[in-house]
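Notes for the one structure printed next.
Computed from heavy atoms alone, side chains included, the values below leave out hydrogens, waters and symmetry copies.
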Amino acid sequence: FMKRKILSSLITASLASITPLAIEHANAEEYKKGFYSSFGLGAGTFSDLLLSGTIYSVPFDYGFSYETGFGYDFGKRFRAELSYTNTTSEISTGNQAKFGSFILNGYVDFPIENSKWAPFLGVGIGTTNVDATNLCTVGGTDDCKDNTSTYSLSGGINYALNDTTEITSKVTYLGFGDIDTTDDGVTLRVSESETLSYRIGLTFRF
């Protein structure tokens, strides 16, 4: 009887010590570290222009926008990602401007316990190639492309389809530095401009 009592006590103590370790291991498995890639499609628009101090009266409409990225997930909370975004926005005449941006992003995830949902916020910095050739007057001396510094603010939510695939819904704001162009020999500076885009896509974890 004493041997059985001692054995029972040892088993109980062992289970008590193993259970927290098992829970900790399960949590570690739930939030795996590793690389991932992402791709999203949607729509985006360029802001109305402040052109050399004069407000450009023709507004820009929403056009096609996409984003692709490659990143590393540090676990439950933080991610780093290098992304390329491309947005086309046009005026009512159909003339377009294109914005291609390389951005280094940092994200903070807020996974909802016992669910497949994980909201996130992100900030980033990078550069954008602006192609406004289609907006410039035909003929004359034109240089309607420029590269400008860019910062990014974004937010969205992920939904886990399985252990390796998520649906991502995301809103991204890109703020630009000054954009300098030459149209028909006249130098123009675009300041205080930005794009706003909405995309939905997939994230694949390796």
With side chain to side chain donor-acceptor pair (under 3.5 Å) as the criterion, how do D146 and T148 come out once you've worked through the C-alpha distance, each side chain's angles and the decisive distance to 0.1 Å? CA-CA 6 Å; D146 194 20; T148 184; 5.7 Å; no

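- Between L82 and F70, every side-chain heavy-atom pair lies at or beyond the 4.5 Å cut-off.
- Under the 4.5 Å side-chain heavy-atom criterion for ILVMFWY residues, a single connected hydrophobic cluster contains both L161 and I112.
- One distance of note links CZ of F110 with CD1 of I157; it measures 12.0 Å at 0.5 Å rounding.
- Heavy atoms from other residues, nucleotides or ligands lying under 6.0 Å from CG of D163 number 12 at most.
- Y173 and I125 are assigned to two separate hydrophobic clusters, defined by single-linkage of ILVMFWY side chains at heavy-atom distances under 4.5 Å.
- When the side chains of ILVMFWY residues are joined at heavy-atom separations under 4.5 Å, either directly or via intervening members, W117 and L202 end up in a single hydrophobic cluster.
- The existence of a salt bridge linking D180 and R189 is confirmed by a sub-4.0 Å separation between a basic side-chain nitrogen and an acidic carboxylate oxygen.
- No hydrogens or angles considered: a donor-acceptor pair under 3.5 Å links the side chains of N86 and Y84.
- With 3.5 Å as the limit, one finds a donor-acceptor pair spanning the side chains of N95 and T93.
- In terms of heavy atoms, S47 sits closest to S193 at OG-CA, 3.4 Å.
- Taking the centre and axis of the six-membered ring of F120, the NZ or CZ atom of R79 falls inside the cone set by 45° and 6.0 Å.
- Taken together through direct or relayed side-chain contacts under 4.5 Å among Ile, Leu, Val, Met, Phe, Trp and Tyr, Y66 and L196 form parts of separate hydrophobic clusters.
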Does the side chain to side chain contact (heavy atoms under 4.5 Å, CB included) test come out yes or no for L135 and C144, once each step is laid out? CA-CA 8 Å; L135 295 175; C144 298; over 6 Å; no

Does T87 form a side chain to side chain contact (heavy atoms under 4.5 Å, CB included) with K98? I'd like the steps, not just the answer. CA-CA 6 Å; T87 297; K98 299 179 181 180; over 6 Å; no

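- Side-chain N/O atoms of T203 and T168 include a donor and acceptor closer than 3.5 Å.
- A salt bridge is absent between E166 and K116: the closest approach of a Lys/Arg side-chain nitrogen to an acidic carboxylate oxygen does not fall below 4.0 angstrom.
- Aromatic ring centres of Y151 and F176 lie farther apart than the 6.0 Å criterion allows.
- Under a cut-off of 6.0 angstrom, the local environment of CG in L153 is crowded, with over 12 non-hydrogen atoms contributed by other residues, nucleotides or ligands.
- Between I200 atom CD1 and S169 atom OG the span is 5.0 Å, to the nearest 0.5 Å.
- Side chain to side chain, S191 and D178 fail the donor-acceptor criterion of an N or O pair below 3.5 Å.
- Of all non-hydrogen atoms in S152 and L174, the two that sit nearest each other are CB-CD2, 3.5 Å.
- Within the 4.5 Å cutoff, the side chain of K33 has heavy atoms near those of the Y72 side chain.
- A side-chain donor-acceptor contact under 3.5 Å links R199 and S65.
- Aromatic rings from F204 and F206 are positioned such that their centres are separated by 6.0 Å or more.
- In the model, S101 has a side-chain atom that pairs as donor or acceptor with a side-chain atom of T128 under 3.5 Å.
- Residues V123 and L104 are members of separate hydrophobic clusters, defined by side-chain heavy-atom contacts under 4.5 angstrom among Ile, Leu, Val, Met, Phe, Trp and Tyr.
- Between F64 atom CZ and Q96 atom CD the span is 12.0 Å, to the nearest 0.5 Å.
- Residues T127 and T150 come closest through the heavy atom pair C-OG1, 3.7 Å.
- To the nearest 0.5 Å, atom CD of residue E194 and atom OG1 of residue T45 are 9.5 Å apart.
- Within 6.0 Å of the NZ atom in K170, the count of heavy atoms belonging to other residues, nucleotides or ligands exceeds 12.
- In this structure, R77 and P111 approach most closely via the heavy-atom pair NH1-CD, 3.7 Å.
- Side chain to side chain, E81 and Y36 meet the donor-acceptor criterion of an N or O pair below 3.5 Å.
- Atom OG of residue S154 and atom CD1 of residue I103 lie 10.0 Å apart, to the nearest 0.5 angstrom.
- Between K145 and T133, some side-chain heavy-atom pair lies under the 4.5 Å cut-off.
- In this structure, K76 does not pair ionically with D109, as no charged nitrogen and carboxylate oxygen lie closer than 4.0 Å.
- The OH atom of Y107 lies 12.5 Å from the CG atom of D73; values are rounded to the nearest 0.5 Å.
- Classification of the F46-F60 ring pair by plane angle, with boundaries at 30° and 60°, yields perpendicular.
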